[in-house]
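Following: one structure in structure tokens, then a few remarks.
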Amino acid sequence: MERVLITSAIPYINGIKHLGNLVGSQLPADLFARYNRGRGREVLFLCATDEHGTPAELAAAKAGMDVAEYCAKMHAVQAEIAQGFRLSFDHFGRSSSPQNHRLTQHFAGRLADAGLIAEVSERQVYSNADRRFLPDRYIEGTCPNCGYDKARGDQCENCTKQLDPTDLIEPRSAISGSTDLEVRETKHLYLRQSSMRDQLNAWIDSKADWPILTTSIAKKWLNDGDGLQDRGITRDLDWGIPVKKGTEDWPGMEGKVFYVWFDAPIEYIACAAEWVDAGKGDDWERWWRTDKGADDVRYVQFMGKDNVPFHTLSFPATILGSGEPWKLVDYIKSFNYLNYDGGQFSTSQGRGVFMDQALSILPSDYWRWWLLSHAPETSDSEFTWENFQAGVNKDLADVLGNFVSRITKFCRSKFGEVIPEAGAYGPQEAQVMAELQTRLEAYQAHMEAIEIRKAAAELRAIWVAGNEYLQSAAPWTVHKEDPDRAAAITRFSLNLIPFYALLSAPFIPDAAQAMLDAMGCADNTWPEDVAEGLSRLPAGQGFAVPDVLFAKISDEDRATWQAQFAGVRG
RNA sequence: GGGCCCGUAGCUCAGCGGUUAGAGCUGACCGCUCAUAACGGUUAGGUCGCAGGUUCGAAUCCUGCCGGGCCUACCA
């Protein structure tokens, strides 16, 4: 059986993500996972929370909690919301897991043995008041270039000049505001990716089918200026994976942890081990080790464009540098950003709709459909309440939901809640089946290519075909003269419901299930062939007219939400 | 500063060297009455950001400009 390994960029532990984050990785990854499962392939779909780094420590402190406690709590929160959106992870792991500790330390040991780790002594800013080293962005001061007084240590937001923290006039900690800063000598490990430049270049060059968005970013980092730079992979923090060389201590690195961007991608692998240890699977290496069966696995990663360098360069450098036969990614699907009503979604300003809020006002299918059918694939796209309302009402309520409603209610009134058996299919049905076969193949092709908006448009056209057929066959008129023919039309139309449900399940899993349940259809195998797919409901089988699948969004609701989410998150 | 992406109907987007530039939504008109006033059909609407160039032929390739966005390596 074909096997597909799918990972979504792992969301940071710090707070609840907004819809832009969702549509940039987890949601499309879930669509692809569900589609592949639907096609009968063996799928391992993994995601996790990314729990290390300075922001996690600060967020925990702000919440008055221990970091580990805070992360455990936020992991549970994110897991519940993911479930609310029906994200079908086989496992939702944690980068702080013991499995990831072991694996990260293992990789570091292998890289050191391969001569790919350098120990570098450097000078960094230390805040006595905060009792921590400060990353460049956590140092504020006056810009020497333009005089802006809230310039950060890496760059001035006002004049965009690149800065070094030591350039700042009157530097202070962005955490506490303290000016009691000093420069201290500290030793760190660097991954010598520069020595792997040719190897990485050759690997990227072999990926001719990757989107330009993905390869151009990687090529720039590889070849711009002096080429790929070595990268620090350790930090002076309390919370993280202790620096070790495999299982042994690393002399001189006591008290230091690996940098979050070193351990986070390794969690993709460790998550599979967590999956096994949680009793959900029995062999993770056949997904990840090419010497243990992973050779025939297709590995697809989903992420926002900001994550591309880490997935095209530093993570592959880690894997290739280990000298071990780990699975490398086969395809990277990256996304642009979703904007909110004329500006950006903003976590810090609470601008836009966050995942928990979205679920509190509407079922997940509404969001899944709109977000996926407007996924920012080629450029940034924009969420507006007007577009959302119009799209959801038209596509889900009028086209799909109303189709199910009109045919089930028609059948109930003329033949009862049972699949009618009289009459035979004729040229009209043959014509619709031919059209549906063509559209089904186009839909599948778009899904295979992970062209999400095109797949959504094709699916919608498949729904529309049902209304076109019903309108031209007009069983309500035919019934007066030829009840048997009307019965055949009705039987055919009712059979479209489970067919639609199976094709639509990757986008709108809950509604799809409701459709199958209402029709009493237990067969959920993918309808490869339209004629077969439209014969799943045998004549004489009972069904129930389902509740309204998608209630429309009223103008009042829209106006209310528009106002509610315009300001700052409460 | 450098790099990359985008700019096509009122809106969201497709097309990316070859007949009169397409789809969905919105608008207008017609039809239907089974249905969540839903559905179907017809139709209106664009000098394809601007200016040059290459070509028998350009929305599509090249150059410059204008506008929007992202990245630029210690945020993750």
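Every chain is numbered from 1 and lettered A, B, ... according to where its sequence line falls, protein lines coming before strand lines. Bear in mind the structure is a predicted one, so any value in this text is a computation, not a measurement.
Under 3.5 Å, the side chain of A:Asn402 and the base of B:rA35 form at least one donor-acceptor pair of N or O atoms. For A:Gln124 and B:rC74, a side-chain-to-base donor-acceptor distance below 3.5 Å is present, hydrogens and geometry of angles not being considered.
If you check B:rG57 for Watson-Crick or wobble pairing at under 3.5 angstrom, you find it has no partner at all. With a cut-off of 3.5 Å on both Watson-Crick or G-U wobble distances, the partner of B:rA38 is given as none. In this structure, B:rG24 forms a base pair with B:rC11, meeting either the Watson-Crick or the G-U wobble geometry with both donor-acceptor distances under 3.5 Å. When both pairing distances are held under 3.5 Å, B:rG45 makes no Watson-Crick or G-U pair with any nucleotide shown. Of all nucleotides present, none satisfies the Watson-Crick or G-U wobble test against B:rA73 with each distance under 3.5 Å. Nucleotide B:rU63 forms a pair with B:rA51, judged by Watson-Crick or G-U wobble geometry with both contacts under 3.5 Å.
Look at the C1' atom in both B:rG40 and B:rG24: the space between them is 16 Å, to the nearest Å. The same atom, C1', is picked in B:rA21 and in B:rG15; the two are 8 Å apart, to the nearest Å. One P atom belongs to B:rG46, the other to B:rA23, and the distance between them is 15 Å to the nearest Å. As rounded to the nearest Å, B:rG45 and B:rC25 have C1' atoms that lie 13 Å from one another. Separation of the P atoms belonging to B:rC74 and B:rC4 is 22 Å when rounded to the nearest angstrom. Atom P of B:rC70 sits at a distance of 28 Å from the matching atom of B:rC16, rounded to the whole Å. Between B:rG18 and B:rA58, the two P atoms lie 11 Å apart (nearest whole Å).
The listed nucleotides are B:rC74, B:rA73, B:rC70; the one nearest the side chain of A:Trp221 is B:rA73. Minimum atom distance to the side chain of A:Gln229 is reached by B:rA73, of the listed B:rC70, B:rA73, B:rG15. Taking only side-chain atoms of A:Arg453, from C-beta outward, the nucleotide of B:rC13, B:rC75, B:rG69 with the closest atom is B:rC13. Of all nucleotides listed (B:rU12, B:rU36, B:rG69), B:rU12 comes nearest to the side chain of A:His374.
If you check every strand for non-hydrogen atoms under 4.0 Å, A:Lys219 touches nothing. Residue A:Val308 is classed as having no contact, given no heavy-atom separation below 4.0 Å to the nucleic acid. The residue A:Lys220 sits close to a base: some heavy atom pair falls under 4.0 Å.
Within 6.0 Å of the CG atom in A:Asp547, the count of heavy atoms belonging to other residues, nucleotides or ligands does not exceed 12.
A cation-pi geometry, defined here as NZ or CZ lying under 6.0 Å from the six-membered ring centre and within 45° of its normal, holds between A:Lys305 and A:Tyr337.
Between A:Asp557 and A:Lys552, no side-chain nitrogen of the basic residue sits less than 4.0 Å from a carboxylate oxygen of the acidic one, so the salt-bridge criterion is not met. A salt bridge is absent between A:Arg94 and A:Asp50: the closest approach of a Lys/Arg side-chain nitrogen to an acidic carboxylate oxygen does not fall below 4.0 angstrom.
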> Once each nucleotide of nucleotides 21-34 of chain B is scored for protein heavy atoms under 4.0 Å, what B/S/- sequence comes out, 5' to 3'?
Replying inline: ---SS-----BSSB

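For the ring-ring contact (aromatic ring centres under 6.0 Å, His included) test, residues two or more places apart in sequence or in another chain that qualify with A:Tyr268 are A:His311.
Contact check, A:Tyr259 against B:rA76: a side-chain N or O comes under 4.0 Å of OP1 or OP2.
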Which atom pairs, donor and acceptor, lie under 3.5 Å between side-chain atoms of residues 399-406 of chain A and protein residues at least two apart or in another chain?
from	atom 1	to	atom 2	distance (Å)
A:Arg406	NH1	A:Asn467	OD1	2.8
A:Arg406	NH2	A:Gln471	OE1	3.0

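You'll find the side chain of A:Ile553 reaches within 4.5 Å of the side chain of A:Leu362, heavy atoms only.
A:Tyr70 and A:Ile13 make their closest contact through OH-O, 4.2 Å (heavy atoms, listed as atom of the first residue, atom of the second, distance).
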